Structure formats: structure tokens, C-alpha cells
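Single-structure report; data block below.
A quick note: this is a predicted structure, and the numbers were derived from the prediction, not measured.
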Amino acid sequence: MDVTMARARWSLHVEAVLWRLLVRFGMWLHRLGAPWPLVPSKRRIPITISPIPGEITLYFFTPEARGKPRDTETRYPVLFTFHNSGFCVGKAVDDARWATTVVREAHVIVCAVDYRLAPEFPLPVPVDDCCDAVLWVYAHAEELGIDKDRMGLSGFSSGGNLAFTVPMRLKEVLKKREGPSSSEQPKFKIVVSWYPSLDYTIPRDQKTSPNSSWGFMELMMGSMGTFFDAAFLHPEGDFKPESQYLSPGVASDEQLQVLPNDICLYTCEFDGLHDEGERFRKKLEKLGRDVKGCTIMGAKHGYDRLPFGLNGTATKVYSEACQEIRRVLPE
């Protein structure tokens with residue numbers, strides 16, 4: 001990625017508003033189809049890691065939301081989920097269908113994180129906000145009915161990136177803080193990452209899938225990607241594309257040791273991110289990780305965010321991932 005492509009920040013703010021309106025309309029269409037996703041509860045939490053103060057919202061999808069009463073003594077596993085759209089657009093509730101599937105089929109609580117977005121809040125703010133979400137839930141696990149020893153991470157596209165970078169960033173943050181010993185730090189049992197962006201050292205024009213057909217959606221995604229690249233990095237800043245907190249695909253073996261043993265990694269056949277995802281799969285396997293998931297044949301990036309609900313392919317692979325979540329995070 002060429003970080004010299006500096007643009008006036010005001011123009012990025014204007015473009016962000018337009019893309020957010022377009023994505024919001026698309027996600028409204030996605031939520032129209034039956035079955036309806038669960039309605040989450042929400043909590044506002046303060047920011048403690050980023051030097052830019054503020055608050056973020058956490059959305060909790062729980063068994064109670066589907067009419068199942070909770071025994072006050074029961075402690076559920078929790079799966080954090082981080083939404084897609086290039087760290088710049090989208091909302092945590094965009095993952096409502098995934099969260100609903102996980103609650104119903106894996107029987108865990110899902111916490112969807114509404115991290116702050118670029119260009120207003122460029123990297124590393126999104127990853128720091130997600131780390132704050134983990135620490136807050138970990139500290140309030142008892143009142144939330146959560147078993148803090150059974151935690152997992154998930155995400156889509158840029159959120160799939162966060163599912164890998166949060167453990168690395170969290171380790172660094174906690175090293176710098178006076179606080180919990182290593183035995184008291186959050187530890188994750190599983191990562192479920194869907195068509196993640198993993199290597200920003202590769203220019204975007206080299207990531208076009210040679211097998212994908214081009215049309216309006218592909219052209220729109222290309223334009224959106226160019227905006228993302230300009231928005232989430234300050235060209236004059238210290239946060240570089242080769243950072244492990246942006247490009248986990250080029251992180252060192254030592255840096256990746258913090259990742260859990262069980263990983264589900266799904267890539268899409270007709271996606272410019274496919275190759276870097278499959279390279280990362282091999283890298284994780286060489287590190288001894290148990291990597292499940294697959295290339296979803298015939299699928300394009302964001303195949304599961306189409307209008308009027310989930311298609312058959314998305315329903316199938318969501319259920320497969322939930323089986324693995326339930327195995328690693330049993331009730």
C-alpha cells in the first residue's frame with residue numbers, strides 16, 4: 001500500500017459520510033430477510049488505551065434474547081466479533097446475523113464491538129478500542145454472566161484482521177501497564193476469521209483476483225478500497241503497513257505465538273484477499289496451530305452480506321464454524 005497518497009483530511013471526512021450512508025442502506029436490505037436476527041442489549045464503556053478519549057458501545061447477543069432464561073449461576077462463554085468495512089464504515093450490529101447464529105447454535109454470548117472509525121480515528125484506534133472491549137468484559141465478567149476463561153474472537157474482512165491483531169496488541173498494552181500478572185490476563189481459546197485482510201504491504205492493485213468477474217459491485221469495492229487506504233493511516237504517522245497490528249500476515253513467528261491453538265480461517269475463491277489468507281493459513285499451520293475452515297468456492301468478498309438475509313452458502317459455513325466454536329467453548 002502506498003502511504004504517500006496523502007489527501008486532505010476534510011475530503012476524507014466527506015467521502016466517509018457518503019460511504020457510510022451507502023453501507024447503512026445495504027445492511028438495512030441485508031437485515032430484511034427472515035429469520036430475524038436477535039435484538040441485542042448494549043453498554044457504553046470508557047476508552048482507556050488510546051490517547052484519544054471517548055466511549056464505545058458494546059452490543060451483547062445473549063441466550064435470554066431468544067427467550068431462554070438464564071440461571072444466575074450459569075456462566076456462558078463469550079465470542080467477541082469485530083465488523084468489516086475497512087476500519088472506516090459499518091456498525092457492530094452489521095454482524096447481527098452471525099451473532100444470532102452463534103447464540104442459537106454454539107450457545108455462547110456474543111459481544112459485538114462498535115469501535116471508532118477512520119478517518120476521524122485512524123489506526124491504531126480501532127485495534128485499541130477492541131482491546132478495551134476485551135478488558136472491560138473480562139473485568140465485568142461476573143455481572144455479565146460470562147466465563148472469562150472461555151473467550152474467543154471473530155471478525156469479517158478488516159474485523160477478521162482485528163481478530164488476529166487484538167491478542168498481539170493486548171499483550172503489548174498489558175506489558176506496559178502496572179496491573180494483572182500473566183496468569184490474570186485475558187486468554188483466548190479460538191479465533192474465527194472470515195475473508196480477512198492480512199497484508200497491507202502488498203499494493204491493492206496487486207490483490208485483484210484473476211478469477212473474479214468484474215461488474216458494478218467490483219468497481220464500487222475498488223473505489224471503496226482506495227478510500228480505506230487513504231483514510232485509516234496518517235501518512236505522516238508512525239503506524240506503518242508492515243506493523244503486526246495492521247498486517248498480521250507478515251508478523252514474526254514470535255509475535256504470532258500469542259494466538260490460540262484453535263483457529264477457523266475462511267477465505268473466498270473470488271476475492272483479492274484470498275491468496276494472503278491462504279498463505280497465512282500455511283504459516284499458522286507451520287507454527288503448530290490447528291487451523292480449520294476453508295476456501296468458500298464460488299464466493300466473493302462479502303458474499304454473506306447480500307440483501308434479504310443469508311444465502312445457503314453463508315448458512316452452511318456459519319453452522320460449520322459454530323460447531324467448532326461449541327467444541328472449543330463448550331457450555
Side-chain angles (χ1 to χ4, degrees), residues 40-43 45 48-49 56-64 70 73-83 92 95 98-99 101-103 105-115 126-156 159-175 177 179-194 196 248 256-265 284 289-293 321-331:
S41 59
K42 60 184 180 180
R43 300 284 291 269
I45 69 167
T48 68
I49 297 174
I56 58 173
T57 302
L58 307 183
Y59 292 86
F60 291 92
F61 297 81
T62 65
E64 300 95 286
R70 188 182 76 197
E73 299 300 318
T74 300
R75 295 288 179 265
Y76 287 97
V78 63
L79 183 77
F80 294 88
T81 189
F82 310 125
H83 68 83
D95 290 348
W98 162 243
T101 304
V102 173
V103 171
E105 298 189 16
H107 305 159
V108 307
I109 290 174
V110 176
C111 175
V113 181
D114 214 28
Y115 56 86
V127 66
D128 286 347
D129 286 358
C130 292
C131 289
D132 256 322
V134 169
L135 291 175
W136 188 88
V137 170
Y138 188 81
H140 295 80
E142 184 173 356
E143 68 179 85
L144 295 169
I146 285 171
D147 180 352
K148 63 183 182 182
D149 294 323
R150 292 183 292 163
M151 301 172 69
L153 303 170
S154 72
F156 297 79
N161 172 298
L162 288 167
F164 289 118
T165 58
V166 163
M168 292 187 282
R169 185 71 167 175
L170 193 57
K171 181 180 179 180
E172 179 187 0
V173 167
L174 293 176
K175 268 187 177 180
R177 284 186 172 183
S181 67
S182 59
S183 62
E184 297 173 322
Q185 294 176 8
K187 293 182 175 62
F188 306 105
K189 299 292 187 182
I190 189 171
V191 167
V192 182
S193 185
W194 301 92
L256 294 174
Q257 288 299 332
V258 71
L259 296 179
N261 179 69
D262 292 286
I263 294 171
C264 292
L265 175 58
L284 292 172
R289 298 302 188 268
D290 183 7
V291 186
K292 301 231 175 13
C322 285
Q323 290 176 16
E324 189 63 13
I325 294 169
R326 193 168 185 179
R327 182 186 69 82
V328 178
L329 301 175
E331 285 187 279

Among V103, L153, V191, I325, find the residue that satisfies the side chain to side chain contact (heavy atoms under 4.5 Å, CB included) test when tested with L79.
-> I325

Would you call V328 and K292 a side-chain contact if the rule is heavy atoms closer than 4.5 Å?
-> no

Checking ring pair (Phe, Tyr, Trp, His ring centres under 6.0 Å) against H83, which of Y115, W194, F156 comes through?
-> Y115

Is R289 close to L256 at the side-chain level, that is, under 4.5 Å between some pair of heavy atoms?
-> no

Please identify each residue that fulfils side chain to side chain donor-acceptor pair (under 3.5 Å) with R327, with sequence neighbours left out.
-> D262, E324

Are the side chains of R326 and E105 in touch, meaning some heavy atoms are under 4.5 Å apart?
-> no

From W136 atom CH2 to T48 atom OG1, the distance as rounded to the nearest 0.5 Å | 12.5 Å

Between the SG atom in C131 and the NZ atom in K171, the distance rounded to the nearest 0.5 Å is 13.5 Å

Spatial distance of atom CG (L329) from atom CZ (F188) [nearest 0.5 Å] = 11.5 Å

Test side chain to side chain contact (heavy atoms under 4.5 Å, CB included) on F60 and V137 and set out the steps.
-> CA-CA 11 Å; F60 291 92; V137 170; 4.0 Å; yes

Would L170 and L135 count as a side chain to side chain contact (heavy atoms under 4.5 Å, CB included) if you check the C-alpha gap in whole Å, the side-chain angles of each, and the deciding distance to 0.1 Å?
-> CA-CA 9 Å; L170 193 57; L135 291 175; 3.8 Å; yes

Can you name the ring pair (Phe, Tyr, Trp, His ring centres under 6.0 Å) partners of F164, sequence neighbours left out?
-> F280

Closest heavy-atom contact between A163 and G155?
-> CB-N, 4.3 Å

Is there side-chain contact between T81 and V102, with at least one heavy-atom pair below 4.5 Å?
-> no

Distance-only, no hydrogens or angles: does the D114 side chain make a donor-acceptor pair with backbone N or O of T57 under 3.5 Å?
-> no

Measure the OH-CG distance between Y76 and L144 for me, rounded to the nearest 0.5 Å.
-> 13.5 Å

Supply the atom-to-atom distance E172 CD to D128 CG, rounded to the nearest 0.5 angstrom.
-> 9.0 Å

Report the residues that fulfil side chain to side chain donor-acceptor pair (under 3.5 Å) with K189, sequence neighbours left out, ordered by chain and then residue number.
-> none

NZ on K148 to CD on Q185, rounded to 0.5 Å = 12.0 Å

Can you check whether L265 reaches S193 side chain to side chain, under 4.5 Å on heavy atoms?
-> yes

pair I146-I109: side-chain heavy atoms closer than 4.5 Å = yes

Side chains of F80 and V78: does their closest heavy-atom pair fall under 4.5 Å?
-> yes

Side-chain heavy-atom pair H140, I45 within 4.5 angstrom cut-off = no

